[in-house]
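Let me begin by presenting the structure, written as structure tokens, before commenting on it.
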Amino acid sequence: MSDVTHAAADPAAKLVRMANQIASFFRSYPEEEAVAGVHNHIVAFWSPVMRRDLLAYADTDGTGLDPLVAEAMHRIGKGPSPTAREAAGPAELGQIGASDAG
């Protein structure tokens, strides 16, 4: 069976492949940074449905997931979204009245 046919038959296969590609990119980083990088990428760029489906797969089976992905999935839903954190204004970050002016 080709990869395309297999992915169509198993929707999780495509998500696993994509997540493992992200882990491959971060493989050269120290482990904690790599896990954070995988987590941040998935939270920032994947749709909620994709995240939910991969999380469900990781919780029920997890076969084929890179260990960095498996660890990152345990962090999904814990803590703020990196996108929301980067887009937050001073009020959300508790920096009202703070200035970086010298």
Side-chain angles (χ1 to χ4, degrees):
M1 183 182 305
S2 74
D3 286 343
V4 173
T5 305
H6 185 269
D10 182 8
K14 184 174 183 180
L15 296 175
V16 169
R17 181 178 52 79
M18 291 169 53
N20 286 347
Q21 288 174 332
I22 297 165
S24 292
F25 173 83
F26 287 105
R27 175 80 43 227
S28 63
Y29 288 63
E31 184 174 356
E32 182 57 30
E33 289 179 42
V35 171
V38 171
H39 170 267
N40 289 343
H41 182 91
I42 289 173
V43 169
F45 298 108
W46 285 31
S47 73
V49 171
M50 292 169 66
R51 289 192 308 266
R52 183 198 67 218
D53 290 351
L54 185 61
L55 183 58
Y57 179 77
D59 286 345
T60 58
D61 184 359
T63 302
L65 282 177
D66 185 287
L68 294 175
V69 175
E71 180 59 30
M73 295 314 296
H74 289 294
R75 298 180 185 194
I76 297 292
K78 299 176 181 150
S81 159
T83 305
R85 185 176 57 243
E86 292 300 319
E92 290 88 1
L93 296 174
Q95 298 175 342
I96 299 298
S99 173
D100 58 354

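Here, residue 1 is the first one in the sequence, and each next residue gets the next number. Basis for what follows: all heavy atoms, side chains included, without hydrogens, waters or symmetry-related copies. It should be emphasised that the depicted structure is a prediction, and the values quoted were computed from it without experimental measurement.
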Does any non-hydrogen side-chain atom of [Y] lie less than 4.5 Å from one of [X]?
X	Y	answer
Ile42	Met73	yes
Ile22	Trp46	yes
Met50	Met18	yes

Within the side chain of Asp66, is there an N or O that forms a donor-acceptor pair under 3.5 Å with the backbone of Ser24? no
For Val35, does its backbone N or O pair with a side-chain atom of Tyr29 as donor and acceptor, under 3.5 Å? no
Looking at every heavy atom in both Leu68 and Ala23, which two are closest together, and how far apart are they? CD1-O, 3.8 Å
For the student: nearest non-hydrogen atoms of Gly64 and Asn20, plus distance: O-ND2, 2.8 Å
Enter the distance from His74:NE2 to His39:NE2 here, rounded to the nearest 0.5 Å. 12.0 Å
Give, for atom NE2 of His41 and atom CZ of Phe26, the distance between the pair rounded to the nearest 0.5 Å. 7.5 Å
Run Val69 and Leu54 through side chain to side chain contact (heavy atoms under 4.5 Å, CB included) and show every step you take. CA-CA 10 Å; Val69 175; Leu54 185 61; 4.3 Å; yes
List the steps, then state whether side chain to side chain contact (heavy atoms under 4.5 Å, CB included) holds for Tyr57 with Val16. CA-CA 9 Å; Tyr57 179 77; Val16 169; 3.5 Å; yes
Do other residues, nucleotides or ligands put more than 12 heavy atoms under 6.0 Å from the CD atom of Gln21? yes
